[in-house]
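Single-structure report; data block below.
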Amino acid sequence: MSQFFSIHPDNPQPRLIRQAADIIRAGGVIAYPTDSAYALGCHLGDKNALERIRRLRQLDDKHNFTLVCRDLSELGVYAKVDNVVFRLLKANTPGPYTFILNATTEVPRRLMHPKRRTIGLRIPDHQITLALLEALGEPMMSVTLMLPGDELPLNDPQDINDRLGKQLDLIIDGGACNLEPTTVVSLENGDVEVLRVGLGDPEPFGGSPARDDF
């Protein structure tokens with residue numbers, strides 16, 4: 001049975017944040033709120049936790065996972081970013097966007113797209129998430145909490161607890177989130193392409209998606 005923490009969305013309690021970070025470091029899988037939808041998260045180096053998330057979401061090995069970062073200083077470690085791409089990221093983060101970028105050798109191969117060697121990176125605008133990342137001191141592997149057969153992400157922490165309480169180690173109740181996932185923007189090889197329109201405004205990146213099957 002998972003633990004259930006009620007954390008204030010604007011002033012997260014440090015004690016609970018530290019406990020949540022400890023659960024992640026110990027290999028736990030958590031559900032947590034973001035500035036878009038609720039998400040599943042785990043330690044970026046934990047293969048077993050990653051496989052648990054794959055099973056929960058019924059994801060194949062072609063699905064792009066996302067590294068959730070606290071700020072742009074972490075992006076350069078995990079993604080190849082030139083000055084043009086950096087300025088674009090700086091103008092649009094933090095916010096409800098996932099950026100697909102060419103991965104560096106610091107990214108575990110199991111997290112990358114198997115053919116393109118890309119990684120999704122995101123800097124959310126949510127105090128609980130940012131406090132958790134600060135306590136971890138490193139990015140967290142993440143994916144939207146949308147279960148097989150559902151058309152929308154899960155949004156109610158009690159509903160998450162009812163449906164997944166036996167399969168997660170921690171559920172963070174930070175109140176209701178949006179029902180839309182992030183807008184996904186590919187910046188692979190310096191080319192800008194909107195792959196999915198979600199909560200983030202796609203206009204800074206050219207508007208309509210090139211494809212909407214992300």
Side-chain angles (χ1 to χ4, degrees), residues 20-30 32 34 36 39-126 129-144 181-196 200 205 210-211 213-214:
D22 288 342
I23 289 171
I24 293 168
R25 290 193 193 96
V29 173
I30 74 165
Y32 70 99
T34 76
S36 57
L40 296 170
C42 70
H43 190 272
L44 66 90
D46 196 305
K47 182 178 179 180
N48 291 331
L50 178 68
E51 291 306 316
R52 286 173 59 193
I53 291 177
R54 283 191 192 276
R55 290 194 296 270
L56 278 173
R57 285 283 317 270
Q58 295 183 18
L59 300 172
D60 60 29
D61 62 1
K62 295 179 178 62
H63 186 87
N64 272 296
F65 283 88
T66 299
L67 288 180
V68 180
C69 302
R70 54 186 161 174
D71 56 40
L72 284 173
S73 68
E74 293 182 330
L75 286 179
V77 177
Y78 301 98
K80 299 173 183 177
V81 179
D82 62 22
N83 290 336
V84 174
V85 169
F86 183 84
R87 286 196 294 270
L88 193 59
L89 293 171
K90 187 175 182 180
N92 293 280
T93 57
Y97 297 98
T98 298
F99 298 100
I100 308 301
L101 297 157
N102 297 99
T104 68
T105 55
E106 293 296 320
V107 178
R109 182 167 294 183
R110 61 183 173 270
L111 298 183
M112 289 190 288
H113 189 283
K115 293 183 179 179
R116 295 195 180 101
R117 296 186 65 82
T118 55
I119 186 68
L121 290 170
R122 159 156 160 67
I123 302 174
D125 188 12
H126 196 285
T129 311
L130 294 174
L132 185 55
L133 293 167
E134 183 70 28
L136 278 172
E138 61 185 339
M140 179 169 56
M141 204 293 298
S142 186
V143 67
T144 303
T182 58
T183 290
V184 179
V185 181
S186 173
L187 300 175
E188 189 179 349
N189 301 319
D191 297 324
V192 181
E193 184 180 20
V194 178
L195 304 184
R196 179 185 70 194
F205 309 98
R211 67 179 195 266
D213 59 351
F214 190 85

Which residues pass the side chain to side chain donor-acceptor pair (under 3.5 Å) test with Asp125, not counting sequence neighbours? none

Side chain to side chain contact (heavy atoms under 4.5 Å, CB included) between Leu88 and Phe99, intermediate numbers included: CA-CA 11 Å; Leu88 193 59; Phe99 298 100; 5.8 Å; no

Checking Thr104 against Val77 for the side chain to side chain contact (heavy atoms under 4.5 Å, CB included) test, could you report, in this order, the C-alpha distance in whole Å, the side-chain angles of both residues, the deciding distance, and whether it holds? CA-CA 7 Å; Thr104 68; Val77 177; 5.5 Å; no

Heavy-atom closest pair, residues Cys42 and Leu50: SG-N, 4.0 Å

Just verifying a value: how many Å separate Arg117 CZ and Glu188 CD, rounded to the nearest 0.5 Å? 12.0 Å

Within this structure, what is the CD1-CG distance for the pair Ile123 and Leu72, rounded to the nearest 0.5 Å? 4.0 Å

To the nearest 0.5 angstrom, please state how far the CZ atom of Phe65 sits from the CZ atom of Arg54. 4.0 Å

Just to verify, what does Asp82 make a side-chain contact (heavy atoms from CB on, under 4.5 Å) with, not counting sequence neighbours? Val84, Val85

Those residues that, when tested against Asp71, pass salt bridge (Lys or Arg N to Asp or Glu O under 4.0 Å) (two or more places apart): none

N/O donor to acceptor pairs below 3.5 angstrom from side-chain atoms of residues 130-144, sequence neighbours left out:
unit_1 : atom_1 : unit_2 : atom_2 : d
Glu134 : OE1    : Arg70  : NH1    : 3.3
Glu138 : OE2    : His43  : NE2    : 2.7
Ser142 : OG     : Tyr32  : OH     : 2.6
Ser142 : OG     : Leu40  : O      : 3.2

Straight-line distance of Ile100 CD1 to Ile119 CD1, nearest 0.5 Å: 8.0 Å

Partner residues of Arg87 under the side chain to side chain donor-acceptor pair (under 3.5 Å) criterion, sequence neighbours left out: none

Return the CG to OG1 distance between Leu44 and Thr66, rounded to the nearest 0.5 Å. 12.5 Å

Would you please name every residue forming a side chain to side chain donor-acceptor pair (under 3.5 Å) with Thr34, sequence neighbours left out? Ser36, Arg122

So which heavy atom on Val81 is nearest to which on Phe86, and how close? CG1-N, 3.5 Å

Distance from Ile53 atom CD1 to Asn48 atom CG, nearest 0.5 Å? 11.5 Å

Derivation of the side chain to side chain contact (heavy atoms under 4.5 Å, CB included) call for Phe205 and Thr183: CA-CA 10 Å; Phe205 309 98; Thr183 290; 5.6 Å; no

Between Leu187 and Leu89, does a side chain to side chain contact (heavy atoms under 4.5 Å, CB included) hold up when you go through it step by step? CA-CA 10 Å; Leu187 300 175; Leu89 293 171; 3.8 Å; yes

